[in-house]
Amino acid sequence: MQVSVLLCVSVCLVCVCAEGKWRSCMEVREAYGALGFSLNIAPQQEIAGDHLRVCAQGHTCCSAEMEDKLGQHSKVELEGMMEETSSTLRSTFISRHKKFDEFFLELLDNSEKSLNDMFVRTYGKLYTHNSEIFEDLFSELKRYYTGGNVNLEEMLNDFWSRLLERMFQLLNSQYTFTDDYLECISKYTDQLKPFGDVPRKLKAQVTRAFIAARTFVQGLMVGREVANRVAKVNISPGCSKALTKMLYCPYCGGLPGLRPCGNYCQNVMKGCLANQADLDPEWNLFIDAMLLVAERLEGPFNIEAVMEPIDVKISEAIMTMQDNSMQVSAKVFQGCGHPKPAGMSRSARGISDVFNSRFRPYSPEERPTTAAGTSLDRLVIDIKEKLKKSKKFWSTLPDAICTKERASEDEEQCWNSHTKGRYFPEVVKDGLTNQLNNPEVEVDITRPDTFIRQQIMALRVMTNKLRNAYNGNDIYFQDSSDEGSGSGSGSGCTEGCTTEFDFVPTEAPVVEADRSDPQPAADTAGHHGNTPPPPWLVAAIAGAGLLVLMQWR
């Protein structure tokens, strides 16, 4: 009888103890429901965890379907963390590109309007009847800005040649000139220097300012696109498993409020974002090159400083041609032959009748308002501060994500991938090759993300263009210079411009400018491997003012 009673008591105690191990899952259900999931698949109390594939297979508050849903949610959460962490960087490039683009387009429009108003006032119908040369010039400048294949030096040389032909006819209106004769005149442009030194100086100033400005806006565009695209993470199976284990296995273990240990979070993020970290060296070189060109825009390549006196400079060129018309005409007649008289039917007005007034530039009060409501100096100062802060952005993503809001500062009271307690493994270094010994994420270091490699190449091409622009060169035309300098369009470094880079240019296609506001990618990050690279923008910039003078006929 006593033996039976003792046996009964022992069985009851075992049952009570066993019953005590199957804890309530109420707290887990509340946390799971807060994520937006139905509680129909969430156990009321712990169950056996043999069905779990990621989390520990002990007593658990997760059904198999719960673990799957939490795994999918972990991907969404990483995407959200990347979206949030990169939002400032992305908005910087988006907003500053838009601002610079507005500024230079308005600057160019204001320049054209200003010159047109001034020459109408000064020369009247003589100008309006021949204004197409200015329209052509500004049309070419805008085409250069929007990524057109325009050689600035050749375009400006052509402008001055056409101007010489028109001016020569006006100043010698008693003669008739054939097309062959006019072509002969243009061949003497360099020798005669009919406009003095104005064309040479303006060409140097305008080309280097336009090249720097256009390339800088292209850089903002490339930075914008790279930041938008790289922020969309390609989540590998190994990363997905590690994320689930870090973020939601505490749920399955009945500890939904427990945050991961800081170093544990770091290792998971370094594994998941290893390819992003590999973008960082090229990104830093790109930012350095942007900062160098920004300094040029503040100083010798300031397109506003080129625009401000351009109307006066062009007027000086016209007046120089007028004052030296006798000598110029004599040399042309000597080289090209004496033209035929126009006859009595043609007006033979004198020079004083053609140019009966000197050019009067705008007073400061009359000038058009500053483009886009700001100044180039203010825009550049602002963007330089933002660019400096964006260096090392991609390699510091784990630090930005594993903040105290997402990871525990208490090294003892944190989730260490198995239970609550200290995390002992060391934090691995950045980049793909350093993930071989990552204890948390399985990473195939032999297969770099091709999408990220495309962005690295886009940055490399843009950095090369920026370095050329810093030296006043446009890489599209480096082989077209007839001066033997090899610098092509924009060899404006003849006036105190230092050159600090020696490198081989990388070819890049000229494409149309993209001024559309970038839209968030609708497809998932996992599709990046099949996403073609964007038609790389290279839109450019020319900002303002290369003014022009008249095309008289």
Side-chain angles (χ1 to χ4, degrees), residues 115-116 119-120 122-141 143 150-203 206-207 310 313-356 359 480-483 489 546-553:
L115 183 140
N116 183 72
F119 279 81
V120 166
T122 302
Y123 301 109
K125 292 182 179 179
L126 182 63
Y127 164 71
T128 57
H129 290 168
N130 300 276
S131 61
E132 70 273 11
I133 190 172
F134 304 100
E135 295 168 3
D136 291 345
L137 176 61
F138 280 97
S139 175
E140 285 297 283
L141 289 174
R143 192 162 73 87
V150 178
N151 187 317
L152 289 176
E153 285 191 356
E154 290 181 1
M155 182 193 70
L156 293 173
N157 289 337
D158 181 62
F159 165 72
W160 290 109
S161 294
R162 292 174 65 190
L163 180 60
L164 172 61
E165 293 175 11
R166 295 300 178 87
M167 290 286 294
F168 191 85
Q169 292 178 83
L170 282 170
L171 294 168
N172 295 277
S173 56
Q174 66 272 33
Y175 298 105
T176 298
F177 300 98
T178 64
D179 290 343
D180 289 341
Y181 197 98
L182 294 176
E183 185 176 347
C184 179
I185 293 173
S186 65
K187 293 178 181 178
Y188 283 85
T189 304
D190 291 339
Q191 179 182 340
L192 296 173
K193 297 191 182 306
F195 302 110
D197 208 29
V198 172
R200 185 188 67 82
K201 289 182 177 179
L202 274 184
K203 182 168 68 173
V206 168
T207 51
I310 199 88
K313 294 298 182 184
I314 291 178
S315 178
E316 287 177 1
I318 292 177
M319 296 310 160
T320 299
M321 173 72 180
Q322 176 186 338
D323 294 340
N324 298 323
S325 62
M326 299 295 288
Q327 299 92 314
V328 170
S329 297
K331 290 181 179 179
V332 169
F333 294 160
Q334 182 181 359
C336 298
H338 208 78
K340 294 180 180 180
M344 297 301 295
S345 61
R346 179 163 179 171
S347 172
R349 293 172 295 171
I351 296 174
S352 60
D353 296 322
V354 175
F355 300 102
N356 54 19
F359 181 81
S480 67
S481 175
D482 58 1
E483 299 177 359
S489 178
L546 189 175
L547 324 174
V548 247
L549 212 35
M550 359 193 148
Q551 175 165 14
W552 324 80
R553 172 150 337 241

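For clarity, every value in this text was computed on a predicted model and none was experimentally measured.
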Query raised in the report: Does the side chain to side chain contact (heavy atoms under 4.5 Å, CB included) test come out yes or no for Lys340 and Thr178, once each step is laid out?
Result: CA-CA 9 Å; Lys340 294 180 180 180; Thr178 64; over 6 Å; no
Query raised in the report: Taking the side chain as C-beta and beyond, is there a heavy-atom pair between Leu202 and Leu156 under 4.5 Å?
Result: no
Query raised in the report: What pair of heavy atoms forms the shortest contact from Phe195 to Thr320, and how long is it?
Result: C-CG2, 3.8 Å
Report task. Identify the two heavy atoms, one from Leu192 and one from Val332, that lie closest to each other, and give their separation to 0.1 Å. Result -> CD1-CG2, 3.5 Å
Report task. Evaluate the ring planes of Phe177 and Phe168, with Trp represented by its six-membered ring, and classify them as parallel (under 30°), tilted (30 to 60°) or perpendicular (over 60°). Result -> perpendicular
**Report entry** Whether Thr122 side chain and Phe119 backbone form a donor-acceptor pair below 3.5 Å
**Finding:** no
**Report entry** Between OG on residue Ser186 and CG on residue Asn157, distance to nearest 0.5 Å
**Finding:** 11.0 Å
Query - Taking every non-hydrogen atom, the tightest pair across Ser329 and Asn172 - result: OG-ND2, 3.0 Å
Report task. Dump the intermediate steps for side chain to side chain contact (heavy atoms under 4.5 Å, CB included) on Val206 and Leu152, then the final yes or no. Result -> CA-CA 8 Å; Val206 168; Leu152 289 176; 5.6 Å; no
Query raised in the report: When rounded to the nearest 0.5 angstrom, what distance separates OG in Ser139 from CD in Glu132?
Result: 13.0 Å
Query raised in the report: Can we call the ring centroids of Tyr175 and Tyr181 under 6.0 Å apart?
Result: no
Query raised in the report: Rounded to the nearest 0.5 Å, how far apart are CE of Met155 and CG of Asp136?
Result: 10.5 Å
Requested in this report: Could you please spell out the steps behind the side chain to side chain contact (heavy atoms under 4.5 Å, CB included) verdict for Glu316 and Lys313?
Outcome: CA-CA 5 Å; Glu316 287 177 1; Lys313 294 298 182 184; 3.8 Å; yes
Query raised in the report: More than 12 heavy atoms of other residues, nucleotides or ligands under 6.0 Å from CG of Asp190: is that the case?
Result: no
Report task. Kindly compute the distance separating CG (Leu182) from CZ (Arg166), expressed to the nearest 0.5 Å. Result -> 9.0 Å
Query raised in the report: So which heavy atom on Ile318 is nearest to which on Met167, and how close?
Result: CG2-CE, 3.7 Å
Query raised in the report: Is it true that the side chains of Asn324 and Lys193 contain a donor and an acceptor less than 3.5 Å apart?
Result: no
Query raised in the report: When rounded to the nearest 0.5 angstrom, what distance separates CG in Leu163 from CZ in Phe134?
Result: 7.0 Å
Query raised in the report: Would you say the side chain of Thr128 lies within less than 4.5 Å of the side chain of Lys125, judging by non-hydrogen atoms?
Result: yes
**Report entry** Working for side chain to side chain contact (heavy atoms under 4.5 Å, CB included), residues Tyr127 and Asn116
**Finding:** CA-CA 9 Å; Tyr127 164 71; Asn116 183 72; 2.8 Å; yes
Report task. For residues Cys184 and Gly335, report the shortest heavy-atom separation together with the two atoms involved. Result -> SG-O, 4.5 Å
Requested in this report: Heavy atoms only: give me the nearest Pro341-Thr176 pair and the separation to one decimal.
Outcome: O-OG1, 3.8 Å
Query raised in the report: Should the pair Arg143-Glu140 be classified as a salt bridge under the 4.0 Å nitrogen-to-oxygen rule?
Result: yes
